[in-house]
S.K.: 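Quick one: the structure is below, questions incoming.
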Amino acid sequence: MEDKLIIAVANVPVLYDCTLFTYRDLNRRNQAWREVAETVGETDNVCKKRWKSLRDRFRKEKNMEKEAKRSGAGSAGGYKPWRFMAVMGFLTPFIIDRETSSNVPRQTLPPSTLVAEDESQVDSESASQSASSSQPGGEC
């Protein structure tokens, strides 16, 4: 059933492409769900519920895939792609991550003075080494 449902929904962009003007037309979307249900052989409510589940799983798998590719994630995790990832790939341009917010205020750190101190210390050490190496017997 899942394969039929995915293919049927892929053929009706009004059900997933929120950039279309007709996406906002509830009557048009309900009609599209009735057509999909007829193709699949289930009721429109069953199709809607199953599609929501598939779409949510696709989003979750995309996030897991992204996490597995992050630097430092390691390859020992053994991420196994979901069997419908390739078939549902048509949804990728339409899945938009929402902005997150936090109740913790963001703090900016002052520029580090430690770096400047380290550089000045390195400069003074190199100057003292060059002065001692110019004297006879400075290095053994």
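Keep in mind it's a predicted model, so treat the numbers as computed, not measured.
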S.K.: Rounded to the nearest 0.5 Å, what's the gap from NZ on K60 to CH2 on W82? Could you check?
M.R.: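 Reported to 0.5 Å precision, the distance equals 11.0 Å.
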S.K.: Any side-chain heavy atom of M85 sitting closer than 4.5 Å to one from E65?
M.R.: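 Of all side-chain heavy-atom pairs linking E65 with M85, at least one is under 4.5 Å.
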S.K.: Can you measure from CZ (R57) to CD (E61) and round to the nearest 0.5 angstrom?
M.R.: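 Going from CZ on R57 over to CD on E61, the span is 4.5 Å.
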S.K.: Please list all pairs passing the salt bridge (Lys or Arg N to Asp or Glu O under 4.0 Å) test where one or both residues lie in residues 45-56, with sequence neighbours left out.
M.R.: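 Listed by first then second residue: E2-R50, K52-D56.
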S.K.: When clusters are formed by joining ILVMFWY residues with side-chain heavy atoms under 4.5 Å apart, either directly or through shared neighbours, do V87 and I95 land in the same one?
M.R.: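 Same cluster.
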S.K.: Applying ring pair (Phe, Tyr, Trp, His ring centres under 6.0 Å), can you list everything that pairs with F58, at least two apart in sequence or on another chain?
M.R.: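 Not a single residue meets the ring pair (Phe, Tyr, Trp, His ring centres under 6.0 Å) criterion with F58.
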S.K.: The criterion is salt bridge (charged side-chain N to carboxylate O under 4.0 Å, His left out); which residues satisfy it with R28, sequence neighbours excluded?
M.R.: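 So R28 forms no salt bridge (charged side-chain N to carboxylate O under 4.0 Å, His left out) with any residue.
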S.K.: Counting only pairs under 3.5 Å, give me each side-chain donor-acceptor contact of residues 31-38, with atom names and distances, residues two or more places apart or in other chains.
M.R.:
from	atom 1	to	atom 2	distance (Å)
Q31	OE1	R34	NE	3.4
Q31	OE1	R34	NH2	3.0
Q31	NE2	E35	OE2	3.4

S.K.: I'd like a table of donor-acceptor pairs (distance under 3.5 Å, sequence neighbours excluded) in which one partner is a side-chain atom from residues 4-22, with atom names and distances.
M.R.:
from	atom 1	to	atom 2	distance (Å)
N11	ND2	I7	O	3.1
Y16	OH	A10	O	3.2
D17	OD1	T19	N	3.1
D17	OD1	T19	OG1	2.4
D17	OD2	T19	OG1	3.4

S.K.: Quick one, M1 with V46, criterion side chain to side chain contact (heavy atoms under 4.5 Å, CB included). Give me CA distance, side-chain angles, the key distance, then yes/no.
M.R.: CA-CA 11 Å; M1 175 192 161; V46 169; 4.0 Å; yes
